[in-house]
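These notes concern the structure reproduced below.
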Amino acid sequence: MTRIATWNVNSLRVRLPQVLAWLKADSADLLAVQETKVEDEGFPRSEIEAAGYHVLYCGEKTYNGVALISRTPVTDPCFELDPADPQRRFLAATLGGVRIINVYVPNGSEVGSEKYTYKLRWLEHLGRYLMSARVRYKHVIVLGDFNIAPEDRDVHDPATWFGSVLVSEPEREAFRCLLQAGFVDLFRIFCADGGCFSWWDYRAGAFRRNLGLRIDHILATETVAACCRRCYIDPAPRGNTRPSDHAPVVAEFDGLAMLGA
DNA sequence: ATGGTAGTGTAACTA
C-alpha cells in the first residue's frame with residue numbers, strides 16, 4: 001500500500017513539529033507541502049532528513065514555497081512551471097513509475113483583481129503542462145492547494161460564497177479543464193457528500209462550526225485512479241494548537257509500484 | 001461595508 005498526501009502547512013518553520021508528528025503517525029510515503037514560506041537557504045532539510053525522509057524544496061522569502069517529503073528518494077525533479085514566473089508554486093518529481101506534480105495555485109485575492117487574472121493565467125498554463133505531462137509520463141498525480149472549490153457541495157454556504165474568489169465560475173471552469181486533460185478527483189470517487197472540507201478560515205470559529213471549503217485536491221490519471229483504494233481528508237491536525245488553516249488530504253493506493261514496471 | 005485570525009517581520013501585505 002502506498003499513501004500519498006498533500007498539506008498546505010502555512011509556514012513550514014512553524015508547523016515542522018506537527019508535520020513530522022503527522023508523517024510518523026500516518027506513515028505517508030510522500031507528502032506534498034505548500035506555503036513553506038522559507039527560502040531554500042533556510043529550509044529545515046536536516047531536521048526532515050534526521051526524521052528519516054528525503055526532501056526536495058523550492059521556496060522563497062515570506063510567501064509561497066513548495067516541498068516534496070518522501071520515504072524513498074524521488075527522481076527527475078522539475079522546479080518550475082513557467083521560467084518567467086518568479087513565484088515558487090510548483091515542484092514535480094517521479095516516485096516509482098508515477099509523476100508527482102505538487103502545485104500551490106494562486107489564491108486570486110478578489111474576482112477581477114490583478115491577482116485573479118494571474119490565477120486564471122497560471123491555471124491555463126498548468127492545463128497545458130498537464131496535457132504534455134500525461135503524454136510524457138503516462139501515470140501522473142497532481143496534488144496540492146488548488147484554491148478552487150469545484151462544486152457547490154464543496155462549499156459550506158454556496159449562497160454566501162456565490163461568485164466570490166475560490167468559487168467563481170471562471171475558476172471552476174479552469175478546474176474542469178484540468179480534469180478534461182485526463183484526470184480524476186480522487187476524493188469524489190469515494191464520497192459524494194457535502195460538508196467535507198480541507199480549509200477553514202482562522203476567524204469566527206470556522207473550524208469548530210465546520211464552515212469550510214474543499215480546495216485541496218489529489219487528481220490522478222485513470223490508471224492511477226484505478227489503483228486508489230481510499231481518499232480522505234484528515235481534519236485532526238486542524239484541531240491542533242497553533243494549526244495550519246488547511247487539513248491534509250490523503251490517497252491510498254494498491255499496486256502503484258506495478259505501474260512503473 | 002469588510003469584521004474576525006494567523007504568518008511574516010516589525011508596517012502592511014497575503015491568505
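Since the structure is predicted, the reported quantities are computational estimates derived from the model, not experimental observations.
Legend: ring pair (Phe, Tyr, Trp, His ring centres under 6.0 Å) pairs involving residues 93-114 of chain A, not counting sequence neighbours: none detected. Sequence neighbours left out, not one pair with a member in residues 11-21 of chain A passes salt bridge (charged side-chain N to carboxylate O under 4.0 Å, His left out).
To the nearest 0.5 angstrom, A/I189 atom CD1 is 14.0 Å from A/R230 atom CZ.
Between B/dA6 and B/dT2, the distance separating the two P atoms is 22 Å to the nearest Å. Straight-line distance between the C1' atoms of B/dA1 and B/dT10: roughly 29 Å, to the nearest whole Å. Taking atom P on both nucleotides, B/dG9 is separated from B/dC13 by 15 Å, rounded to a whole Å. Atom P of B/dG3 sits at a distance of 15 Å from the matching atom of B/dA12, rounded to the whole Å. The P atoms of B/dT8 and B/dG4 are separated by 22 Å, rounded to the nearest whole Å.
Here A/R13 does not reach the OP1 or OP2 of B/dT8: none of its side-chain N or O atoms lies under 4.0 Å away. Proximity of A/R242 to the phosphate of B/dT5: no side-chain N or O atom is located under 4.0 Å from OP1 or OP2.
Inspection of the A/W22 and A/D234 side chains reveals an N or O donor paired with an N or O acceptor under 3.5 Å.
Atom-to-atom, CZ of A/R209 to C1' of B/dG4 comes out at 10 Å; the value is rounded to the nearest Å. For the pair A/E60 CD and B/dG7 P, the interatomic distance rounds to 18 Å; values are reported in whole Å. Rounding to whole angstrom units, CG of residue A/L211 and P of B/dG3 are separated by 19 Å. Atom CZ of A/R208 and atom C1' of B/dT5 are 14 Å apart (whole Å).
The side-chain tip of A/R3 does not point at the ring of A/F253 from less than 6.0 angstrom away and within 45° of straight on.
Of the two residues near DNA chain B, A/A204 and A/V14, the one whose nearest nucleotide lies more 5' is A/A204.
With hydrophobic clusters built from ILVMFWY side chains whose heavy atoms lie under 4.5 angstrom apart, A/I101 shares a cluster with A/I148.
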Practice task
Evaluate the criterion side-chain hydrogen bond (donor to acceptor under 3.5 Å, both in side chains) for residue pair A/N64 and A/R88; output intermediate values, then yes/no.
Solution key: CA-CA 6 Å; A/N64 310 318; A/R88 303 305 196 203; over 6 Å; no
Protein-nucleotides 10-15 of chain B N/O pairs under 3.5 Å:
residue : atom : partner : partner atom : Å
B/dT14  : OP2  : A/K115  : NZ           : 2.3

